[in-house]
Asks: 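Got a structure here, written out as structure tokens. Questions coming.
Quantities reported herein were computed from a predicted structural model and do not represent experimental measurements. Worth knowing before you read on, the calculation uses all heavy atoms, side chains too, and leaves out hydrogens, waters and symmetry mates. Every chain is numbered from 1 and lettered A, B, ... according to where its sequence line falls, protein lines coming before strand lines.
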Amino acid sequence: MIDEKLLKPYDPTTTEKRIYEMWEDSGFFNPDVCIEKGIIASDAKPYVITLPPPNVTGILHMGHAFMLTLEDTLIRYHRMKGFRTLWLPGTDHAAIATQSRVEKNISKEEGKSRYDLGREELLRRVNEFAQNSHDTILSQMKIFGSSCDWSREAFTLDEKRNFAVRTAFKSMYDAGLITRGHRVVNWDPKGQTTISDDEIIYEERKANFYTFKYSKDFPITISTTRPETKVGDTAVAVHPEDPRYTEFVGKEYDVVFCGVPIHIKIIADNSVEKDFGTGALGVTPAHSKIDWEIAKRHNLPYIQVIDEKSRMIVGDERILGKKVLEAREEIVRWLREENLMISEEEVSQNVSTAERTGGIIEPLPKLQWFIAVNKEFTIPYSEINGIESGSTITLKEIMRKAVEGGQIEILPDYFSKTYFHWIDKLDDWCISRQIWYGHRIPVWYRNKFKIKNEKSKIENTDSNTETYCGMEAPEGEGWAQDEDTLDTWFSSGLWTFSTLGWPQSMNTLTGKPEKGSDLDIYHPTDVLETGYEILFFWVARMILMTGFHIGTIPFKKVYLHGTVRDAKGRKMSKSLNNGIDPIDVADKFGADAGRMALMVGSAPGIDTKISEDKIKGYKHFANKVWNISRFVLQNTEDFTYDENFKNWTEGDIKLIEIQNTEIENLTQELDNLKIHIASDRVYQYIWNDFAAKIIEDSKPILKDGTIDEKNSRAQFLLHSLRKILIVLHPFMPFVTEELWSLMPFSKNKILMVEKWPII
RNA sequence: GCGCGGUUAGCUCAGUUGGUAGAGCGCUACAUUGACGUUGUAGAUGUCACAGGUUCGAAUCCUGUAUCGCGCACCA
């Protein structure tokens with residue numbers, strides 16, 4: 001008898017939740033359980049994906065749904081192929097992103113800042129928010145069918161990961177790769193923290209380009225878009241071979257610039273372009289990275305004239321205490337009044353803004369922690385091609401060699417060029433942040449160390465300051481821990497191995513993981529599937545961290561998916577209100593339909609457009625599969641499914657061959673990570689070949705055929721349906737699992753762990 | 001400035017070593033009360049951005065141009 005469910009159209013909403021709970025109860029998301037229960041062989045090859053942990057900043061969006069779909073499809077496929085398949089889930093504390101989000105809420109609702117609340121209370125609020133986000137995110141992931149091993153779930157800020165972070169920091173500190181130093185860094189006045197170069201977003205804006213002289217008697221004209229910084233100038237740099245200026249090189253001048261006495265030395269430096277502006281550059285060492293470098297080369301002093309709140313800290317009532325933009329106007333007015341202004345020109349320029357807060361970056365000299373990417377060290381153990389154990393290398397070389405040597409393959413491959421290009425230009429990574437939510441820097445100071453955020457000009461590493469880096473606070477009186485926290489990408493960089501038991505599972509003698517530990521079995525992981533926008537932030541940092549700490553690679557393949565856009569190709573955003581909520585999609589069309597709509601035709605690296613029409617099409621498809629199943633069952637009621645049936649007609653043998661080729665091709669495409677083609681292929685076969693042709697042709701055979709013909713065709717339909725449900729399952733897990741449970745050939749087994757057809 | 005992509009049917013996009021152009025959606029006509037509210041069959045629409053070159057043969061390889069986009073840097 002046919003189950004009554006099948007007589008009605010497929011209804012995903014009443015099905016999907018029940019199916020997910022059944023999977024979860026089975027325990028088969030955990031590869032170790034699969035081995036225990038004999039589902040997979042105990043010596044099966046592992047297949048591992050570590051989930052890029054979603055930020056606990058709110059809810060999942062369509063991009064997350066895309067990521068989950070691609071990964072779940074790969075995971076389900078490999079699980080069915082008999083791999084020891086692990087999909088390790090987790091969430092990311094996302095330091096600045098989360099804290100600034102909560103700060104924004106607090107400011108809006110209570111009008112308070114983080115300093116009003118204090119460190120402890122703010123952290124309490126952030127943790128509460130993070131917990132809520134986490135819970136929402138997990139339930140959303142389940143709605144999309146994600147078959148992760150929840151027993152191994154991790155959080156970038158939990159205790160185990162904190163232990164890993166402290167361990168990692170200390171060993172990089174001991175190797176001399178993490179250092180503290182005074183440099184011009186990217187200061188975000190809005191977020192009140194430094195950020196790394198990669199967290200800057202450039203916005204093109206119009207600006208005035210002023211050309212002027214410091215004073216009437218000053219011999220050289222200079223240009224700038226930021227006159228307010230000129231009160232901090234200590235030199236004018238010209239090109240050594242610029243005949244216009246050679247006579248002045250080496251001379252020094254004292255001038256009073258808008259009430260501020262400044263001392264300017266004329267220097268010659270190769271970095272100055274003769275043809276830009278006047279060919280002379282006013283050097284402001286404290287507020288420009290380039291100028292800082294020039295100043296270092298020429299032993300020039302630097303004078304900080306802007307503070308952490310973007311206010312002037314020098315001058316008289318005209319500029320002192322004023323915001324930089326106001327001060328700029330004052331100085332421009334003064335230049336005009338004094339007839340020092342030569343010209344004003346409107347130019348478009350890139351303004352540096354902070355990714356998370358939108359604040360305009362103010363370069364400031366600050367004492368911060370850095371990871372030195374160009375500094376040589378000895379790597380004790382290495383499995384990376386081209387890097388010998390015990391050789392002297394740099395972190396940059398680890399990042400380069402791991403990809404260059406072919407151990408890590410990036411898809412699409414042209415992104416490796418972008419990757420190398422980025423490495424070439426890479427500078428030291430500033431890892432300290434003046435925010436409270438995150439991993440506290442495991443360093444303690446005593447004696448002359450002054451807590452930051454005082455309005456002191458420069459904190460320094462005096463010889464009187466004792467510095468201690470360790471896993472725990474040092475013994476003795478008077479130690480104070482560094483107030484700062486680490487860049488969130490520091491902990492994410494450890495993600496593939498910190499989630500698998502590092503560092504506890506490392507054997508310190510061999511430098512390798514203990515035999516039989518998770519780290520030993522499941523690392524390196526197979527595929528890192530993530531968005532191309534975090535290639536540098538995350539992918540590169542994981543390669544760096546894994547190479548340094550365990551001498552190997554974090555993953556073998558990097559699959560970079562594109563950005564999910566709306567039907568018109570616009571990014572989905574709150575302000576445009578063009579976002580599609582993946583949960584609404586699951587409600588309205590079913591998660592299966594949403595998954596297919598995201599996958600089909602979405603090649604790696606290419607942005608993908610999604611519309612309700614496309615999703616609707618795949619809801620129809622789910623129902624089509626439902627109806628195919630009903631047809632097959634209804635028309636084979638007089639026959640019993642025979643697993644070992646041999647008496648095929650010649651016509652059916654041909655169809656089986658075609659079908660086998662089809663499955664072979666599908667398998668190959670999945671193995672080659674061509675998910676966008678594989679998903680379309682399975683759709684094409686089921687609808688156009690199987691439903692439209694084979695089923696139509698079966699009607700007369702089943703009605704008027706000979707006994708043998710009828711028998712063969714009925715068995716073929718049943719066998720085909722079985723295979724169709726299996727090969728469609730990784731893509732559309734819910735509807736296929738539900739149908740499977742209604743089939744005569746399912747034998748009460750779960751489709752999720754059924755064997756992929758071997759041909 | 002350095003680097004990387006895209007340009008194929010009305011729309012969204014495939015096209016895997018060079019061999020007479022593909023899919024979905026949409027459109028047109030016909031059929032169908034049906035396993036299918038969500039069906040089937042047939043059909044139309046392409047100088048594969050443009051111009052050269054290599055080749056027996058180019059959407060595919062090379063050179064150049066246009067145009068859209070992305071990354072990095074500069075931003076005195």
Asks: Measuring only the P atom in each nucleotide, how far is U33(B) from G37(B)? A whole number of Å is fine.
Replies: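 Approximately 15 Å lies between the P atom of U33(B) and that of G37(B).
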
Asks: Round to the nearest Å and state the distance from Lys674(A) atom NZ to C13(B) atom P.
Replies: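 Lys674(A) atom NZ is separated from C13(B) atom P by 19 Å.
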
Asks: Is the phosphate of G40(B), meaning OP1 or OP2, less than 4.0 Å from a side-chain N or O of Trp687(A)?
Replies: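 Trp687(A) to G40(B) OP1/OP2: side-chain N or O found under 4.0 Å.
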
Asks: If you look at every strand shown and take non-hydrogen atoms under 4.0 Å, does Ala691(A) touch a base, only sugar-phosphate, or nothing?
Replies: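 Since a base atom lies under 4.0 Å of Ala691(A), the category is base.
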
Asks: Could you pick out which residue, Lys624(A) or Thr608(A), lies toward the 5' side of RNA chain B when each is mapped onto its nearest nucleotide?
Replies: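 It is Thr608(A) whose nearest nucleotide is closer to the 5' end.
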
Asks: What orientation do Trp489(A) and Phe537(A) show, parallel under 30°, tilted 30 to 60°, or perpendicular over 60°?
Replies: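 Rings of Trp489(A) and Phe537(A): parallel, as their planes differ by under 30°.
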
Asks: Quickly work out the Phe276(A) CZ to A73(B) P distance and round it to whole Å.
Replies: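 So the two atoms are 17 Å apart, to the nearest Å.
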
Asks: Which value, in whole Å, describes the distance between the C1' atoms of nucleotides U67(B) and A29(B)?
Replies: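 That atom pair is separated by 39 Å.
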
Asks: If you look at every strand shown and take non-hydrogen atoms under 4.0 Å, does Gln684(A) touch a base, only sugar-phosphate, or nothing?
Replies: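 It contacts sugar-phosphate atoms only.
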
Asks: Regarding Ser196(A) and Asp198(A), is there a side-chain donor-to-acceptor distance under 3.5 Å anywhere?
Replies: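 Distance-only check fails for Ser196(A) and Asp198(A).
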
Asks: Which base, if any, makes a Watson-Crick or G-U wobble pair with U65(B), both distances under 3.5 Å?
Replies: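 Result: A49(B).
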
Asks: With a non-hydrogen cut-off below 4.0 angstrom, is Phe209(A) in contact with a base, only sugar-phosphate, or nothing?
Replies: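 Counting heavy atoms under 4.0 Å across all strands, the contact made by Phe209(A) is with sugar-phosphate only.
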
Asks: Using atom NZ of Lys703(A) as one end and atom C1' of A35(B) as the other, report the distance to the nearest whole Å.
Replies: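 To the nearest whole Å, that distance equals 16 Å.
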
Asks: So Ile290(A), base contact, sugar-phosphate only, or nothing? Heavy-atom distance under 4.0 Å.
Replies: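 Ile290(A): backbone/sugar contact only, no base atoms under 4.0 Å.
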
Asks: Tell me: CE of Met596(A) to P of C25(B), nearest whole Å?
Replies: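 Value for this atom pair: 12 Å.
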
Asks: U60(B) and U54(B): how far apart are their P atoms, nearest whole angstrom?
Replies: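 Taking atom P in both U60(B) and U54(B), they lie 15 Å apart.
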
Asks: Of the options C74(B), A35(B), C25(B), whose atoms approach the side-chain atoms of Tyr683(A) most closely?
Replies: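 Closest nucleotide to the Tyr683(A) side chain: C25(B).
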
Asks: Using atom P of each nucleotide, how far apart are C75(B) and C13(B) to the nearest Å?
Replies: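 Approximately 37 Å lies between the P atom of C75(B) and that of C13(B).
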
Asks: Quick one: look up who G22(B) pairs with, Watson-Crick or G-U, both distances under 3.5 Å, and put none if it's unpaired.
Replies: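 Across any shown strand, G22(B) pairs with C13(B).
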
Asks: How many Å lie between NE2 on His421(A) and C1' on C70(B), as a whole number?
Replies: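 One finds 13 Å between C1' of C70(B) and NE2 of His421(A), rounded.
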
Asks: What is the separation between atom CD1 on Ile675(A) and atom P on C13(B), rounded to the nearest whole Å?
Replies: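 For the pair Ile675(A) CD1 and C13(B) P, the rounded distance is 18 Å.
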
Asks: As a test of reading the structure: which of G24(B), C72(B), A35(B) is closest to the side chain of Asn627(A), going by heavy atoms?
Replies: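 Among the listed nucleotides, the one closest to the side chain of Asn627(A) is A35(B).
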
Asks: With a 3.5 Å cut-off and no angle check, do the side chains of Thr394(A) and Glu397(A) form a donor-acceptor pair?
Replies: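 Judged by distance alone, the side chains do pair up.
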
Asks: If you measure from the C1' atom in U38(B) to the same atom in C48(B), how many Å do you get, rounded?
Replies: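 One C1' to the other, the span is 34 Å.
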
Asks: So Tyr683(A) and Trp687(A), would you call those rings parallel, tilted or perpendicular, with 30° and 60° as cut-offs?
Replies: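 Tilted: the ring planes of Tyr683(A) and Trp687(A) meet at 30° to 60°.
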
Asks: Identify whether any heavy atom of Val272(A) sits under 4.0 Å from a base atom; if not, whether one sits that close to sugar-phosphate; answer base, sugar-phosphate or nothing.
Replies: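 Base contact.
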
Asks: Please check if any side-chain donor atom of Asn635(A) sits under 3.5 Å from a side-chain acceptor atom of Lys699(A), or the reverse.
Replies: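 On atom types as modelled, these side chains do not qualify, holding no pair under 3.5 Å.
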
Asks: Under 4.0 angstrom, heavy atoms only, what part of the nucleic acid is Ser352(A) near: base, sugar-phosphate, or nothing?
Replies: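 It contacts base atoms.
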
Asks: Using OP1 and OP2 only, check whether a side-chain N or O of Tyr202(A) sits under 4.0 Å from C72(B).
Replies: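 False: Tyr202(A) side-chain N/O out of range (4.0 Å or more) of C72(B) OP1/OP2.
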
Asks: Classify the ring geometry between Phe716(A) and Phe690(A) as parallel (under 30°), tilted (30 to 60°) or perpendicular (over 60°).
Replies: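 Rings of Phe716(A) and Phe690(A): tilted, as their planes differ by 30° to 60°.
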
Asks: Quick one: label Gly277(A) by what it contacts on the DNA or RNA (base, sugar-phosphate, nothing), any heavy atom closer than 4.0 Å.
Replies: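 Answer is nothing: Gly277(A) stays at 4.0 Å or more from every strand.
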
Asks: Out of G71(B), G37(B), A35(B), which nucleotide sits closest to the side chain of Asn623(A)?
Replies: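 Per side-chain heavy atoms of Asn623(A), the pick is G37(B).
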
Asks: Roughly, in whole Å, what's the span from CG in Asp413(A) to P in U17(B)?
Replies: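 The distance from CG of Asp413(A) to P of U17(B) comes to 15 Å, rounded to the nearest Å.
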
Asks: Using the C1' atom in both, what is the distance from U65(B) to A21(B), to the nearest Å?
Replies: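 After rounding to an integer number of Å, I get 25 Å for this pair.
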
Asks: Taking only the C1' atom of each, what is the distance from G18(B) to C62(B) in whole angstrom?
Replies: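 Going atom to atom, C1' in each nucleotide, I get 13 Å.
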
Asks: Can you tell me if the side-chain N/O atoms of Asn688(A) get under 4.0 Å from OP1 or OP2 in G24(B)?
Replies: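 Answer yes for this pair, as a side-chain N or O of Asn688(A) is under 4.0 Å from OP1 or OP2.
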
Asks: Which of these nucleotides, A23(B), G71(B), A35(B), is closest to any side-chain atom of Asp680(A)?
Replies: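 For Asp680(A), the side-chain atoms sit closest to A23(B).
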
Asks: Using the closest heavy atom to pick a nucleotide of RNA chain B for each, name whichever of Ser602(A) or Lys693(A) lands nearer the 5' end.
Replies: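 So the residue in question is Ser602(A).
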
Asks: Send over the distance from Ile294(A) CD1 to C74(B) P, rounded to a whole Å.
Replies: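 Value for this atom pair: 12 Å.
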
Asks: So what does Lys417(A) hit on the nucleic acid, given a heavy-atom distance under 4.0 Å: a base, only sugar-phosphate, or nothing?
Replies: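 Touches sugar-phosphate only.
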
Asks: Measure up the His561(A) and Phe66(A) rings against each other and bin them: parallel (under 30°), tilted (30 to 60°), perpendicular (over 60°).
Replies: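 Rings of His561(A) and Phe66(A): tilted, as their planes differ by 30° to 60°.
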
Asks: Contact class for Tyr414(A) vs. all strands (heavy atom < 4.0 Å): base, sugar-phosphate, or nothing?
Replies: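 It contacts sugar-phosphate atoms only.
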
Asks: Hey, does the side chain of Lys699(A) come within less than 4.0 Å of A35(B)'s phosphate (OP1/OP2), counting only N and O?
Replies: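 Yes, within the criterion.
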
Asks: If you check every side-chain atom of Gln349(A), which of C75(B), A35(B), U38(B) has the closest atom?
Replies: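 The nucleotide sitting nearest to the side chain is C75(B).
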
Asks: Between A14(B), C75(B), C4(B), which one does the side chain of Ile677(A) approach most closely?
Replies: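 Of the candidates, A14(B) comes closest.
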
Asks: Nearest to the side chain of Ile695(A) - G5(B), C75(B), A35(B)?
Replies: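 Between G5(B), C75(B), A35(B), the one nearest the side chain of Ile695(A) would be A35(B).
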
Asks: Tell which nucleotide pairs with A35(B), taking only Watson-Crick or G-U wobble pairs whose two distances are both under 3.5 angstrom.
Replies: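 For A35(B), the partner nucleotide comes out as none, under the 3.5 Å rule.
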
Asks: Between C75(B), A35(B), C4(B), which one does the side chain of Arg630(A) approach most closely?
Replies: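 Of all the options, the side chain of Arg630(A) is nearest to A35(B).
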
Asks: So what does Ile606(A) touch, heavy atoms closer than 4.0 Å: a base, only the sugar-phosphate, or nothing?
Replies: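 Sugar-phosphate: the residue Ile606(A), judged by heavy atoms under 4.0 Å, touches backbone atoms but no base.
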
Asks: Sticking with atom C1', work out how far U28(B) lies from A44(B), rounded to a whole angstrom.
Replies: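 7 Å, rounded to whole Å.
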
Asks: Name the orientation class of the two ring planes belonging to Tyr618(A) and Phe621(A) (parallel below 30°, tilted from 30 to 60°, perpendicular beyond 60°).
Replies: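 If you compare the ring of Tyr618(A) with that of Phe621(A), the planes turn out perpendicular.
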
Asks: Can you tell me the base-pairing partner of G57(B)? Count Watson-Crick or G-U wobble geometry only, both distances below 3.5 Å, and say none if there is no partner.
Replies: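 G57(B) is paired with nothing.
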
Asks: Of all the nucleotides listed (C72(B), A35(B), C4(B)), which has the minimum atom distance to the side chain of Trp422(A)?
Replies: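 It is C72(B).
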
Asks: Searching all strands shown, indicate the nucleotide that pairs with C74(B) (Watson-Crick or G-U wobble; both distances under 3.5 Å).
Replies: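 With both distances under 3.5 Å required, C74(B) matches none.
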
Asks: Across all strands shown, which nucleotide pairs with A44(B) by Watson-Crick or G-U wobble geometry, both distances under 3.5 Å?
Replies: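 For A44(B), the partner nucleotide comes out as none, under the 3.5 Å rule.
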
Asks: Distance only, no hydrogens: is a donor on one side chain within 3.5 Å (strictly under) of an acceptor on the other, for Lys265(A) and Thr234(A)?
Replies: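 No.
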
